[in-house]
Protein chains: 2
Amino acid sequence: MDTATKHLSVTPVEAGSIITPKGFCAAGIHTGVKRYRLDLGVIYCEVPASSAAVYTLNKVQAAPLKVTKESIAKEGKLQAIIVNSGNANACTGIKGIEDAYSMRSSTADVFKIPEHYVAVSSTGVIGEFLQIDKIINGIKKIKALTQVKFDSAERFNEAILTTDTINKRACFRTTIDGKTVTFGGAAKGSGMIDPNMATMLAYITTDANIEPDWLQVALSEVVDETFNRITVDGDTSTNDTVVTMASGLANNQSLTKDHPDWEHFVLGLKMTCEHLAKKIARDGEGATKLIEVQVSGAKNDEEAGKVAKAIVGSDLVKSAIYGTDANWGRIICAIGYSGADINPETIDISIGEIQTLQDSMPLPFSEEEATQYLTTENIVISVDLKVGEGFGKAWGCDLTYDYVRINAGYRT
Amino acid sequence: MDTATKHLSVTPVEAGSIITPKGFCAAGIHTGVKRYRLDLGVIYCEVPASSAAVYTLNKVQAAPLKVTKESIAKEGKLQAIIVNSGNANACTGIKGIEDAYSMRSSTADVFKIPEHYVAVSSTGVIGEFLQIDKIINGIKKIKALTQVKFDSAERFNEAILTTDTINKRACFRTTIDGKTVTFGGAAKGSGMIDPNMATMLAYITTDANIEPDWLQVALSEVVDETFNRITVDGDTSTNDTVVTMASGLANNQSLTKDHPDWEHFVLGLKMTCEHLAKKIARDGEGATKLIEVQVSGAKNDEEAGKVAKAIVGSDLVKSAIYGTDANWGRIICAIGYSGADINPETIDISIGEIQTLQDSMPLPFSEEEATQYLTTENIVISVDLKVGEGFGKAWGCDLTYDYVRINAGYRT
């Protein structure tokens with residue numbers, strides 16, 4: 001599905017955030033785990049919210065993921081998400097699990113909710129134990145801050161950042177049963193660096209009325225086409241997590257695949273996730289450009305996504321874009337090794353509006369024009385495989401000197 | 001199989017090359033496709049040699065690969081391999097195929113051998129037609145040069161290089177039926193750059209007596225554990241080819257899996273390929289270090305290789321090594337997403353002699369010592385997964401500013 005063709009039913013809310021949907025508040029606080037910046041954030045919902053989550057595919061998973069899975073598994077409901085930054089609580093064994101549990105229980109105490117209504121996330125250094133006392137103290141103070149509406153979403157966003165250079169938020173609106181339904185999003189992630197690895201975390205709030213199982217269906221579908229389609233350096237962290245909470249306060253008829261507005265709901269969720277995903281890709285460390293690859297004519301949408309991701313994940317393509325080099329040879333090469341079912345003789349490639357390859361044969365084009373285009377900040381590469389109807393997109397960034405500088409840098 | 005434990009039965013021949021095994025000669029010449037450097041090479045065998053080959057898995061394959069496959073398919077014999085550099089004859093459609101055929105037929109004419117005894121390779125720019133007249137003229141002159149023994153192997157090696165900074169040759173010896181059997185190798189490749197992509201080409205000569213089918217069995221097994229275990233930037237070119245020719249002039253009993261010395265033959269072939277593979281990895285563009293990853297305790301050898309390759313392919317690990325940062329967090333992360341069947345709680349990691357992780361928990365170690373070690377040119381990372389007996393190695397290089405500089409550079 002090409003979202004570009006469907007935007008009309010979903011509209012962005014410029015100043016919106018995770019607290020724009022009905023029922024949500026948030027806060028961010030400094031506990032001292034980080035030296036100066038905010039390092040603990042919470043999202044709270046005034047009612048138990050239907051919840052769903054998607055986690056990293058990495059087989060090495062950090063402690064908080066186990067605790068969050070356990071919470072959501074019980075009832076499919078959450079009222080609070082507590083997130084600390086500066087320490088990922090990964091590779092920390094039993095002690096790490098205990099610390100994640102105590103983050104959960106203190107949050108439950110403070111907000112007077114059952115423990116299994118609390119999700120826990122951590123991001124930052126791995127292989128070090130949490131400074132749990134500082135975090136617990138922060139949790140005790142954080143509830144009061146959720147009353148302060150001014151700036152509270154921004155403070156949450158700040159509190160979850162590690163190496164990010166920009167704050168990542170999104171807000172979109174759609175209509176379901178004539179009711180306005182709002183989606184808010186906050187995310188962090190800029191490639192897997194500093195000090196050991198960073199993490200992609202995303203939190204989506206909505207006031208849509210939907211049961212947890214259907215929310216999971218929608219989220220899994222959407223994450224495959226958004227967060228799973230970005231690559232900064234191809235590495236997958238131990239902590240990646242996307243959690244969504246639906247308060248139901250929009251009072252629409254409970255959503256299922258059979259609901260006439262199901263598509264609008266999924267699209268609203270998708271545009272929120274896609275917006276955050278692109279911000280993460282653009283914020284890849286050292287990046288100077290956002291690269292969007294659009295693949296059409298694949299056997300199916302999944303294959304299209306596979307090809308798009310292979311192209312945007314190629315260091316050679318990424319370096320060429322950084323060097324403003326319209327290097328279609330590296331693009332067709334990535335298509336060839338993507339693993340997708342292609343016809344090597346029928347590939348068209350365009351860089352921006354400039355077509356460089358037709359039926360796998362080079363076309364003459366103006367290098368100056370191409371260079372001109374590649375100096376812009378948002379690069380679109382389009383590929384038509386001409387073997388089917390599948391369409392898919394992927395996002396990434398250019399590979400720069402700064403990527404190497406940042407990642408060659410010391411952990412401390 | 002850890003070759004390190006089996007070196008005794010196979011010994012290196014310091015000054016050896018592709019013409020050291022009985023029956024082979026070679027030459028390199030300048031045709032003018034490249035401005036100054038040699039750009040056409042040939043390997044010739046005085047008898048029809050049993051032959052086998054392995055090709056790129058890229059679904060976009062260059063014209064010469066189709067012609068070479070056709071030649072070997074007919075009888076499994078080759079007498080000549082003709083290779084041009086400067087132009088890969090890829091993405092060149094029908095005309096490209098015709099050009100590859102005429103390289104084959106002129107070589108056959110010059111050496112007075114059947115066309116299907118000739119293999120053809122090309123490497124260099126893609127999407128441009130060969131300057132076929134220059135190449136044909138070169139082919140006409142090249143036979144005479146094969147009579148000049150002095151320097152001829154070196155000239156062949158030079159003639160196949162593109163962005164390589166070092167000449168890549170190998171020679172090893174073993175004993176089969178009490179007869180001395182020699183292996184010679186020449187290769188090119190330094191990551192996929194300049195001007196569109198470079199290619200990995202390798203040619204192995206031997207005087208062993210073996211039928212084509214058994215040679216293919218041995219080559220396929222060996223390539224999986226050597227050339228398929230190196231990664232510079234994870235990209236796979238459209239031209240990658242490994243061809244081996246066995247003259248049979250060592251007069252050993254024809255080799256099969258049941259031959260008592262089969263293992264010696266495979267090991268000789270493997271050490272020749274491994275030596276070339278490591279030279280290619282070390283010559284990755286911009287590289288300052290060779291990284292060898294050794295994985296033990298995997299479910300099986302294939303899984304071990306998968307893990308080793310994920311580690312050595314991680315931009316984060318590669319940048320950390322460049323930055324002399326003993327960043328085990330990035331290593332365990334790569335293990336986690338390698339796709340191999342692991343136990344996240346039982347992983348040991350050592351960098352050189354320094355163990356940094358035991359049962360997935362960090363060990364204290366001296367950062368100074370680690371940095372000291374990481375400033376050396378040959379870095380070994382060892383991993384023990386403790387879930388089985390599988391062992392495997394992979395090779396790569398560090399990710400440096402120069403990689404980005406070279407790859408961001410213009411095609412012309």
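Residue numbers start from 1 in every chain, and the chains themselves are labelled A, B, ... in the order their sequence lines are given, proteins ahead of strands.
Contacts between B:A340 and chain A at a heavy-atom distance below 4.5 Å involve the backbone alone (N, CA, C, O). Residue B:T92 touches chain A through its backbone alone, counting heavy-atom pairs closer than 4.5 Å. When heavy atoms are compared at a cutoff of 4.5 Å, A:E345 approaches chain B solely by way of its side chain, counted from C-beta outward.
The CG atom of A:D341 sits 5.5 Å away from the NZ atom of B:K59 when rounded to the nearest 0.5 Å. Here the CG atom belonging to A:L399 is positioned 6.0 Å from the CG atom belonging to B:L399, to the nearest 0.5 angstrom. Note that NZ of A:K318 is 7.5 Å distant from CG of B:D315, once rounded to the nearest 0.5 Å.
Atom CD of A:E302 has 12 or fewer heavy atoms from other residues, nucleotides or ligands within 6.0 Å.
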- Query: Could you walk me through whether A:S360 and B:V60 pass the side chain to side chain contact (heavy atoms under 4.5 Å, CB included) check?
  - Reply: CA-CA 9 Å; A:S360 306; B:V60 179; over 6 Å; no
- Run the side chain to side chain contact (heavy atoms under 4.5 Å, CB included) check on A:I126 and B:I332 step by step: do they pass? CA-CA 10 Å; A:I126 81 166; B:I332 191 172; 4.2 Å; yes
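Contact count against chain B (heavy-atom pairs under 4.5 Å) is highest for A:C91 among A:C91, A:S338, A:P344, A:A90.
Residues that satisfy the salt bridge (Lys or Arg N to Asp or Glu O under 4.0 Å) test with B:D348, not counting sequence neighbours, are B:K386. Partners of B:E98 by side chain to side chain donor-acceptor pair (under 3.5 Å), not counting sequence neighbours: none found.
The heavy-atom pair separating A:P362 from B:G127 by the smallest distance is CG-O, 3.2 Å.
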